[in-house]
Amino acid sequence: FPYPVVAVVQFGTRLIGSENVTVLPVSNLQKTVITFLTPLDEPSLSQVVVYPKSCPKCGKSISFPFILRNSNQPEIVKPIPSAGQRYPGPGVFDWVRLIKFPSAH
């Protein structure tokens with residue numbers, strides 16, 4: 001990816017507005033670091049394509065799959081357990097803390 005550059009981000013079939021795409025100052029000739037805001041949309045899997053604004057069809061684009069998740073879905077709170085008891089006794093269990101869990105459950 002060329003540097004310096006004005007980057008364009010295409011999220012699925014939608015272009016992300018240039019005000020929501022930033023080429024970070026840590027970028028250099030070896031790497032270009034970009035941040036962008038995702039569109040407000042339903043949770044889904046989208047293909048993201050990033051390319052230089054000056055050269056959209058010159059083969060200097062990158063693409064990757066991106067999973068857009070619902071920001072209201074429950075999340076595990078750190079520390080996230082990485083192991084548990086192998087043979088817990090009756091009534092013994094490891095705790096997992098969640099946020100954004102529906103109050104109706």
Side-chain angles (χ1 to χ4, degrees):
F1 206 86
Y3 177 82
V5 69
V6 174
V8 176
V9 177
Q10 185 173 337
F11 200 93
T13 58
R14 301 160 83 178
L15 286 177
I16 303 296
S18 59
E19 69 279 3
N20 294 321
V21 179
T22 305
V23 177
L24 298 178
V26 297
S27 299
N28 56 41
L29 291 174
Q30 286 74 38
K31 66 178 179 185
T32 302
V33 182
I34 299 171
T35 64
F36 62 91
L37 294 177
T38 61
L40 294 174
D41 208 347
E42 292 296 314
S44 61
L45 174 65
S46 294
Q47 191 69 16
V48 175
V49 181
V50 181
Y51 55 88
K53 184 176 184 178
S54 62
C55 186
K57 302 287 184 196
C58 64
K60 295 185 179 182
S61 65
I62 58 165
S63 65
F64 53 92
F66 188 93
I67 299 173
L68 184 61
R69 301 200 184 272
N70 181 341
S71 63
N72 294 317
Q73 76 183 52
E75 296 176 27
I76 298 176
V77 178
K78 292 182 180 181
I80 298 172
S82 60
Q85 298 181 26
R86 186 167 184 166
Y87 300 107
V92 176
F93 51 91
D94 294 318
W95 287 94
V96 176
R97 294 178 37 213
L98 299 173
I99 57 173
K100 301 181 191 173
F101 197 77
S103 59
H105 289 85

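Predicted model only: the values in this text are computed from it and were never measured.
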*Distance (rounded to the nearest 0.5 Å) between L15 CG and N20 CG*: 12.0 Å

*How long is the span from the CD1 atom in I16 to the OG1 atom in T38, to the nearest 0.5 Å?*
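With rounding to 0.5 Å, CD1 (I16) is 7.0 Å from OG1 (T38).
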
*Would a hydrophobic clustering, with Ile, Leu, Val, Met, Phe, Trp and Tyr connected at side-chain separations under 4.5 Å, put V9 with I62?*
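Yes, V9 and I62 fall within the same hydrophobic cluster.
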
*Shared ILVMFWY cluster between V48 and L37, side chains joined below 4.5 angstrom?*
no

*Which pair of heavy atoms, one from V26 and one from K31, lies closest together, and at what distance?*
O-CE, 3.9 Å

*Specify the closest pair of heavy atoms between P52 and K60, including all atoms of both residues, with the distance to one decimal.*
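Closest pair (atom of P52, atom of K60, distance): CD-O, 3.6 Å.
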
_Which label fits F64 and F36: parallel for a plane angle under 30°, tilted from 30 to 60°, or perpendicular past 60°?_
tilted

*Answer yes or no: is there a side-chain heavy-atom contact under 4.5 Å between S46 and L68?*
no

*Close side-chain approach of V21 to I34, heavy-atom, < 4.5 Å*: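 With C-beta onward as the side chain, the pair touches.
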
